Undergrad: 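Got a structure for you, written out below as structure tokens; questions coming shortly.
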Amino acid sequence: MKLWSQYFIPTLKESPADAEIVSHKLLLRAGLVRKLSGGLYTYLPLGLRSLQKITQLCREEMDAAGAIELWMPHLHPAEFWQAGPRWAAAREIMYRADNAGDGRRAPREPEFVLGPTHEEIITPLVKTEITSYRDLPKNFYQIGTKFRNEIRPRYGLMRAREFVMKDAYSFDVDDEAAIRSYLAMKAAYARFFARCGLKTISVEADTGVMGGSFSHEFMVPAEVGDDVVVYCEESGYAANREKASSGLVPADLVDAAPAGALEEFPTPGVVTIAALAAPPFGVAAGLQFKTLLYMGDGKLFAVIVRGGDELEEAKLGALGFTLWRPATPEEIEPVMGAKPGSLGAVRGTIRNPDALAGVFADNAVRLIGNGVTGANRDGFHLRNVNVARDLAITRFGDFRRVREGEQCPKSGHPLKIRRAIEVGHVFKLGTKYSEKFGAVYTDAQKQSRLMIMGCYGIGISRSLQAVIEQCHDADGVVWPWNVAPFQVLIVLLDPQMPEAAELGRKLAAAAEAAGADVLVDDRAERPGVKFKDADLIGLPLRITIGGRGLKEGVIEMKWRTEKDVAKVPLAEAEERVRSAVAAARQAANV
RNA sequence: CGGGGUGUAGCUUAGCCUGGUAGAGCGCUACGUUCGGGACGUAGAGGUCGUCAGUUCGAAUCUGACCACCCCGACCA
């Protein structure tokens, strides 16, 4: 039991100007966190308590799923990362922590980095410690601080430079076992988020820099989310937009027959899809080929999508490049023979085709018959372009961004789109890391085999904010029972009355005995201030003890989620508090 | 990193255009009156006006550079 007057809950009437979204404002107003600097936050006592509750729930679910907790350093010698498979891609998000305290200038290459995640640390450990199939499977996890040089920290804890994350790493003897580990984690995640009071959906996701064969993300639907989820209510299909596909292109599509010969025509100054769609040309965007040039690991390549479609850059990961970015006009022109706006991939028009690492086309491009594309000559386009006859395509694939309303790939119903916050991510990694670090074991046939890995993250601090984003009203936070910093708030309207203070102690003891954490507001404040603060910090159960009620022989009980106040006779008070706490605990952990 | 914006008391901000002793509300301190949904009065404390340089008799105000923060885009738990 804590007394408010002796605790530290600095609530604010107004929110600081740099808080944009409601959960960020409430984090500050309810006295949960304070900003040190961009993306760096101090957890005040109340915020820390919630964070610890979430941490504990996570630990319980991980342990129940058979994962084993350990603790790894957060300062990593850079050589571990240099030896890993993603040094080039990961170093730009890593903070350097160089040993420059001797007054020398920092070396060009980092000596130490602050860990953004721990595959490069756990895999060498497992390599040396686990050598037999008898010791597998294993799943190690830790809950600790991660450091990422976020390009743009924002929204409070939502995207921070330093944040709390649970990361787990599984090691299995074969694919089948690895999938079992993966599914066990996925199920544990669902239980964890449910116990946090978070409504999440799990979606198919892109594996990104992490690499690996497949993955799911746990998403909290929210208008302020950085991610976009594509889903179908009919079939249950749900995917991150980076990964989502639609049933737009039929599997049995037959390419249209060419209707005429290729023909070049002048299009002075026309460098956009829209300009070519407008008079006098009037070429529908859907009949244009949009040819985009990218630089992948130092090599130029082309991607073609329909004029009206958008390239989904994340899908370029399927091409096998480690890093890629849009090419610059200076890189494009010598190879293609024209500037962006007049590019195309028709055979024979590319100035230096050998300099291209490939021409990749989105499947939907095949829907175009007799289309228009750039002639690789500034100010000219080609018409009557047909995919099979005229374009030199290295490979077709799914590269376009899905749009709302397109058919679900499973059910054919219209797809819906909404924004969401990613709070958890499970990856089946495969052998990307075990291969690089030589994490092998000896099987029953005395054969040396690579371990199959998975990795599993939960944004603990982000989840904290996601709870607030999902659970609040106009007056403040509405904490779910399990993650509330305290579950019961006893408001003493007249703290100087000895009988009120005594009753408060009794009820606090009763609530604690039933398994709740109790905060007692004993401040010498006016009732209005106390009620406003009570709503703002949002503890689930409020018990009000006031002189007026004591004269009537009652106290009041009110749930933060409800409007009604229940008057409870003093004689029943302890028992009612006990049963309310017991009921709430049970409801929160089904 | 690109584009836009903002820096004045712990918080929210006015003043800046048109240079001349830095203002308010909240919060804080003291006293009094209040006391069931952010009370009222009186008296106070609290400011390198982001930093540095320049223009000027004089700069919060004009100019330049830098820094920090916020918003929009690419990254991610």
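Residue numbers start from 1 in every chain, and the chains themselves are labelled A, B, ... in the order their sequence lines are given, proteins ahead of strands. Worth saying up front: this structure is predicted, and the values here are computed from it rather than measured.
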Undergrad: Taking only side-chain nitrogens and oxygens of T544(A), does any of them come within less than 4.0 Å of OP1 or OP2 of G36(B)?
TA: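 No, outside the criterion.
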Undergrad: Name the nucleic acid region contacted by S37(A), choosing base, sugar-phosphate or nothing; use a 4.0 angstrom heavy-atom cut-off, strictly under.
TA: sugar-phosphate
Undergrad: For D494(A), which contact category applies under a 4.0 Å heavy-atom criterion: base, sugar-phosphate, or nothing?
TA: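 Answer is nothing: D494(A) stays at 4.0 Å or more from every strand.
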Undergrad: Is A534(A) touching bases, backbone alone, or none of the nucleic acid, heavy atoms closer than 4.0 Å?
TA: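 Answer is nothing: A534(A) stays at 4.0 Å or more from every strand.
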Undergrad: When the nearest nucleotide of RNA chain B is assigned to G549(A) and to I460(A) on a heavy-atom basis, which residue is associated with the more 5' position?
TA: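 By nearest-heavy-atom nucleotide position, the 5'-most residue is G549(A).
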Undergrad: Quick check for you: among U12(B), C35(B), G36(B), whose closest atom lies nearest to any side-chain atom of R526(A)?
TA: C35(B)
Undergrad: Kindly say if R159(A) contacts the phosphate of C70(B), meaning a side-chain N or O under 4.0 Å from OP1 or OP2.
TA: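 No, outside the criterion.
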Undergrad: May I ask you to say what D227(A) touches in the nucleic acid, namely base, sugar-phosphate or nothing, with a heavy-atom cut-off under 4.0 Å?
TA: base
Undergrad: Quick check: closest heavy atoms across G504(A) and L492(A), and the distance to 0.1 Å?
TA: CA-CD2, 4.2 Å
Undergrad: Looking at every strand, decide which applies to R523(A) at a 4.0 Å heavy-atom threshold: base, sugar-phosphate, or nothing.
TA: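 Contact class for R523(A): none.
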Undergrad: Please determine if a side-chain N or O atom of K558(A) lies less than 4.0 Å away from the OP1 or OP2 oxygen of G36(B).
TA: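 No, because none of the side-chain N or O atoms of K558(A) sits under 4.0 Å from OP1 or OP2 of G36(B).
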Undergrad: What integer number of Å spans the C1' atoms of C26(B) and U21(B)?
TA: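 Each nucleotide's C1' atom is 26 Å from the other's.
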Undergrad: Hey, is E120(A) close enough to R86(A) for a salt bridge, meaning N to O under 4.0 Å?
TA: yes
Undergrad: Is K13(A) near enough to G27(B) that one of its side-chain N or O atoms lies under 4.0 angstrom from OP1 or OP2?
TA: yes
Undergrad: Between Y155(A) and C72(B), does any side-chain N or O lie under 4.0 Å from OP1 or OP2?
TA: yes
Undergrad: Angle between ring planes, F486(A) versus Y7(A), binned at 30° and 60°: parallel, tilted or perpendicular?
TA: perpendicular
Undergrad: Using a heavy-atom cut-off of under 4.0 Å over every strand shown, decide if E525(A) touches base, sugar-phosphate, or nothing.
TA: nothing
Undergrad: Using a cut-off of 4.0 Å on non-hydrogen atoms, how would the nucleic acid contact of V529(A) be classed: base, sugar-phosphate, or nothing?
TA: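 Base, at least one base heavy atom under 4.0 Å.
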Undergrad: Counting distance alone, no hydrogens or angles: does the base of G25(B) have a donor or acceptor under 3.5 Å from a partner atom on the side chain of E14(A)?
TA: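 When only heavy-atom distances are counted, E14(A) does reach the base of G25(B) through a donor-acceptor pair under 3.5 Å.
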Undergrad: Apply side-chain hydrogen bond (donor to acceptor under 3.5 Å, both in side chains) to residues S23(A) and H472(A) and explain how you reach the verdict.
TA: CA-CA 8 Å; S23(A) 54; H472(A) 69 270; over 6 Å; no
Undergrad: Across the strands shown, which category fits R29(A) at heavy-atom distances under 4.0 angstrom: base, sugar-phosphate, nothing?
TA: base
Undergrad: With a 4.0 Å cut-off on heavy atoms, is D226(A) in touch with a base, just the backbone sugar-phosphate, or nothing at all?
TA: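 The answer is base, as D226(A) lies within the cut-off (heavy atoms under 4.0 Å) of a base atom.
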Undergrad: Using a heavy-atom cut-off of 4.0 Å across all strands, would you classify S461(A) as base, sugar-phosphate, or nothing?
TA: nothing
Undergrad: RNA chain B: K35(A) or R154(A), which has the more 5' nearest nucleotide?
TA: K35(A)
Undergrad: Quick one: is C71(B) close enough that its OP1 or OP2 comes under 4.0 Å of any side-chain N or O from R152(A)?
TA: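 It does, given that an N or O in the side chain of R152(A) lies less than 4.0 Å from OP1 or OP2 of C71(B).
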Undergrad: Base, sugar-phosphate alone, or nothing: which one does G38(A) contact when heavy atoms must sit under 4.0 Å apart?
TA: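 G38(A): backbone/sugar contact only, no base atoms under 4.0 Å.
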Undergrad: With hydrogens left out and only the distance checked, is there a donor-acceptor pair under 3.5 Å joining R548(A)'s side chain and the base of C35(B)?
TA: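 No such pair is found, so the answer is no.
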Undergrad: Tell me the partner of C76(B), counting only Watson-Crick (N1-N3 plus N6-O4 or O6-N4) or G-U wobble (N1-O2 and O6-N3) with both under 3.5 Å; none if nothing fits.
TA: none
Undergrad: Do the side chains of K299(A) and D297(A) get close enough for a salt bridge, i.e. N-O under 4.0 angstrom?
TA: no
Undergrad: Hey, is F531(A) doing a stacking thing with G36(B), by the 5.5 Å centroid and 30° angle criteria?
TA: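 Base of G36(B): not stacked against F531(A).
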Undergrad: Taking the C1' atom in each of C75(B) and U56(B), what is the distance between them to the nearest angstrom?
TA: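 After rounding to an integer number of Å, I get 48 Å for this pair.
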Undergrad: Do L493(A) and R548(A) come within less than 4.5 Å of each other through their side chains, counting heavy atoms only?
TA: no
